[in-house]
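Okay, structure first, notes after.
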Amino acid sequence: MKFALSTLSTAVMTITFMGLAAPVFASATDHNIESPNEVTAVAVTQIIDADTQYSTQSSIQDIAQNNAQKNEIQNKRSTIDTDMGQAEQKTGLTTLIDPITHKSIDNSYPLAVSSLLSLEQAQNILLQVSPKLAANQAAIAASEYQTDALKTLDNPLVFAQLSANAYNLDADLDLSSLKNGIVNDVNNGVDNVIPPIPPLPDLPNFGELVGERIPDSYELKRSGSTAGAGLGVVWPIYTAGRTNALTGASNARTQEAVADSLLDKNELYNTLIERYFKAQLAIIAAYLREDAYDTLQQTDHMAQRLFEEGFISRVDRLEAQSALADAKSESVNANNDARLAMMALQRLLRTDYRIKPTTPLFVSSRPLPDVNYFQNLSLTNHPGLQKVAAKRAQAEQLHALSDTGHKPTVMLYGYGQIEKDPSWVAGISASWKLWGGLDKNASLASSNAKIRQADLSEIEVSDNLLLLVEKNWHDVNNAQSRYQALQSNVDLAAEVLRLRQLGLQEGVNTPIEVVQAQTQSLKARTEQAQAANSYVQSLAALMQSCGTPLAFNAYLNAADIRLPTLYTE
């Protein structure tokens, strides 16, 4: 049977699903998803991974080597795209244009992305093309640089000073008070110096003689320019731990940014799995609808022959025609849904052509490890707890900073002029805050409250994580049992459809009975595919709640039940 949902405008994909009822081959309706034949480079922002990493490995306990039940697939392909693989062109960084928003992105490099992608390839590409992750890396880098800048606060500060001045002084100085004081001082001094002697002729008034030579005012006029240069140094040799507290708080903010980045990365991994396997489910649903339409075409053809030969009534003939029309409409709708699901995946990976998923939906028949195993993983690896720890570290550093409120700051300082006969000054100073500014006791109480808030938040987050892991663990088990239970429905519906088709050929059954059997078969197979998708999505949610989203790949590789997939590499 031909199924033309995908990529090349002239490509026709022909596949046969073993285990599906009555595989027949017919022409598919032309609802292709168009994409270019050649893969073009996609502009992506370069991402520098943070140093902090988290464990993405998870062991699967008690995996026995046995021959498990598998769904076999026969794929007949007439034309398929050549898988170019993932290839990063080692060209220099440049400015590229984002294919979605058409905005320019600096410090980027071209990345060739194949249209055929496995889940692991898509995960690797997602890390390189996600603008959210790139923005988070920029935030981490900014915080790290800020921490580096604070580390030099205790280093000596050496500075140079240059000055050039021009001045003009024009002033009228009043000298009368100075003059009177000098006259009085001279007269008193003369009286004290000359000893008593017999009467002599009158001596001159020395005070007046001096006073006559001093004017009552003086007009001062000066102008010119000066220039100077000097070197100074200030070295805080004791800051009572203030610098260490500020640096520690900045470093804790960096750790919080790293935790936020991990949260966003884990969420993006989960979003990728959701869209990737929803696209696979939509493709399977479109195939099943196409298969049902092909089967009903044969039923309609048989009904026409039986009606012409008088074996069935006109009502039976019209019922067959109506069922065929409905099947065609459902097939078109399913093709459109698959197109939309592939479009969502394309947008996430930021390509301008359709992404064709090659990793199939899967279910593992083996039981999961005990829920305590996953809960311990969550308490160890989840970035939400790392963020709470970073918040607590910030509060501790603020507490240490507040505790330095009344401790002294001691500095060495010096300054010297650079000239022929230089002047210089050097010394040591210590300063204490005696009163005023921020209230130390209130600051300490605030930081203690923040530490308590962080401790209580850790308890709440841990409780929520344990409950979330428990829920996701049960969801995985429920989806697993649901898929296995539906297998009997699929087998029964397939057998009933086969018997109804044979009965129609023998004149025992009516076309409407065949249509009903076909509808039940379609429903059973669709429900089983939906159960497989529920298993995959629940498993991804479980791994995300454990803080180890990439551990999903280990369960994928160990799965013993794989559903059919349209695209293969």
Side-chain angles (χ1 to χ4, degrees), residues 50-52 54 135-159 232-264 379-415 426-465 547:
D51 294 336
T52 303
Y54 54 92
N136 287 341
Q137 295 299 331
I140 293 173
S143 185
E144 288 176 341
Y145 287 133
Q146 185 178 33
T147 301
D148 293 340
L150 291 173
K151 290 179 180 178
T152 61
L153 279 177
D154 281 343
N155 293 353
L157 173 63
V158 179
F159 63 92
V233 60
V234 177
W235 187 359
I237 58 176
Y238 177 73
T239 60
R242 295 182 184 90
T243 301
N244 292 336
L246 290 173
T247 304
S250 181
N251 188 62
R253 283 194 294 269
T254 301
Q255 297 306 315
E256 182 182 359
V258 171
D260 286 333
S261 179
L262 289 176
L263 284 170
D264 289 338
L379 294 178
T380 303
N381 299 296
H382 198 280
L385 292 174
Q386 298 175 22
K387 182 174 181 177
V388 172
K391 287 286 190 182
R392 193 184 196 286
Q394 292 180 52
E396 290 175 343
Q397 296 300 327
L398 290 177
H399 181 81
L401 181 63
S402 299
D403 199 32
T404 64
H406 295 290
K407 294 181 180 180
T409 299
V410 180
M411 292 191 301
L412 295 176
Y413 64 91
Y415 182 79
I428 183 171
S429 68
S431 61
W432 289 263
K433 186 188 79 170
L434 300 179
W435 183 82
L438 294 177
D439 190 323
K440 174 186 174 182
N441 294 330
S443 297
L444 289 175
S446 175
S447 58
N448 283 328
K450 287 186 177 294
I451 293 175
R452 177 173 174 79
Q453 177 189 12
D455 290 338
L456 296 176
S457 296
E458 182 180 7
I459 296 175
E460 181 186 10
V461 171
S462 298
D463 289 343
N464 292 336
L465 285 177

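We use all heavy atoms of the structure for the numbers below, so side chains are in, but hydrogens, waters and symmetry mates are not.
- Across all their heavy atoms, L385 and L379 have their closest contact at CD1-O, 3.5 Å.
- With a 4.5 Å cut-off on side-chain heavy atoms, N251 and T247 do not count as touching.
- Ion pairing of R452 with D455 is absent here, as no side-chain N (NZ or NE/NH1/NH2) approaches a carboxylate O to less than 4.0 Å.
- Taking every heavy atom of both residues into account, F159 and V234 meet most closely at CE2-CG2, 4.2 Å.
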Could you check V461 against K387 for side-chain contact (heavy atoms from CB on, under 4.5 Å), going step by step and ending with a plain yes or no?
CA-CA 10 Å; V461 171; K387 182 174 181 177; over 6 Å; no
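- Distance check, rounded to the nearest 0.5 Å: CG of N136 to CG of D264 gives 4.5 Å.
- Distance OG1/T147 to CD/E144: 7.5 Å, rounded to 0.5 Å.
- Using a 4.5 Å heavy-atom threshold, the side chains of N381 and Q386 count as separate.
- Contact of the L153 side chain with the T239 side chain is not registered, since no non-hydrogen atoms from C-beta on lie closer than 4.5 Å.
- A distance of 11.0 Å separates OG in S402 from CZ in R242, rounded to the nearest 0.5 Å.
- Nearest heavy-atom pair across A249 and Q397 is N-CG, 3.5 Å.
- Heavy-atom minimum distance, P383 versus G547: CD-CA, 4.2 Å.
- Between T254 and S143 the shortest heavy-atom distance is OG1-OG, 2.5 Å.
- Note that CZ of R253 is 13.5 Å distant from CG of D260, once rounded to the nearest 0.5 Å.
- In this structure, the side chain of S462 engages the main chain of E458 through a donor-acceptor pair within 3.5 Å.
- Remark: of the listed residues V158, L412, L157, V158 is the sole one forming a side-chain contact (heavy atoms from CB on, under 4.5 Å) with V233.
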So L444 and H399, side-chain contact (heavy atoms from CB on, under 4.5 Å) or not? Walk me through it.
CA-CA 6 Å; L444 289 175; H399 181 81; 3.7 Å; yes
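- At a threshold of 4.5 Å between non-hydrogen side-chain atoms, the residues E256 and K391 count as touching.
- Shown here for L398 and S447, the closest heavy-atom pair between the two residues is C-CB, 4.1 Å.
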side-chain contact (heavy atoms from CB on, under 4.5 Å) between H382 and L262, worked out
CA-CA 9 Å; H382 198 280; L262 289 176; over 6 Å; no
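- Counted within 6.0 Å of OH on Y238, heavy atoms from surrounding residues, nucleotides or ligands total more than 12; the atom is thus considered enclosed.
- By the side chain to side chain donor-acceptor pair (under 3.5 Å) test, D154 pairs with T243, sequence neighbours left out.
- With sequence neighbours excluded, the residues forming a side-chain contact (heavy atoms from CB on, under 4.5 Å) with A454 are R392, listed by chain and number.
- Between the CG atom of L465 and the CD atom of E460 there is a distance of 10.5 Å, given to the nearest 0.5 Å.
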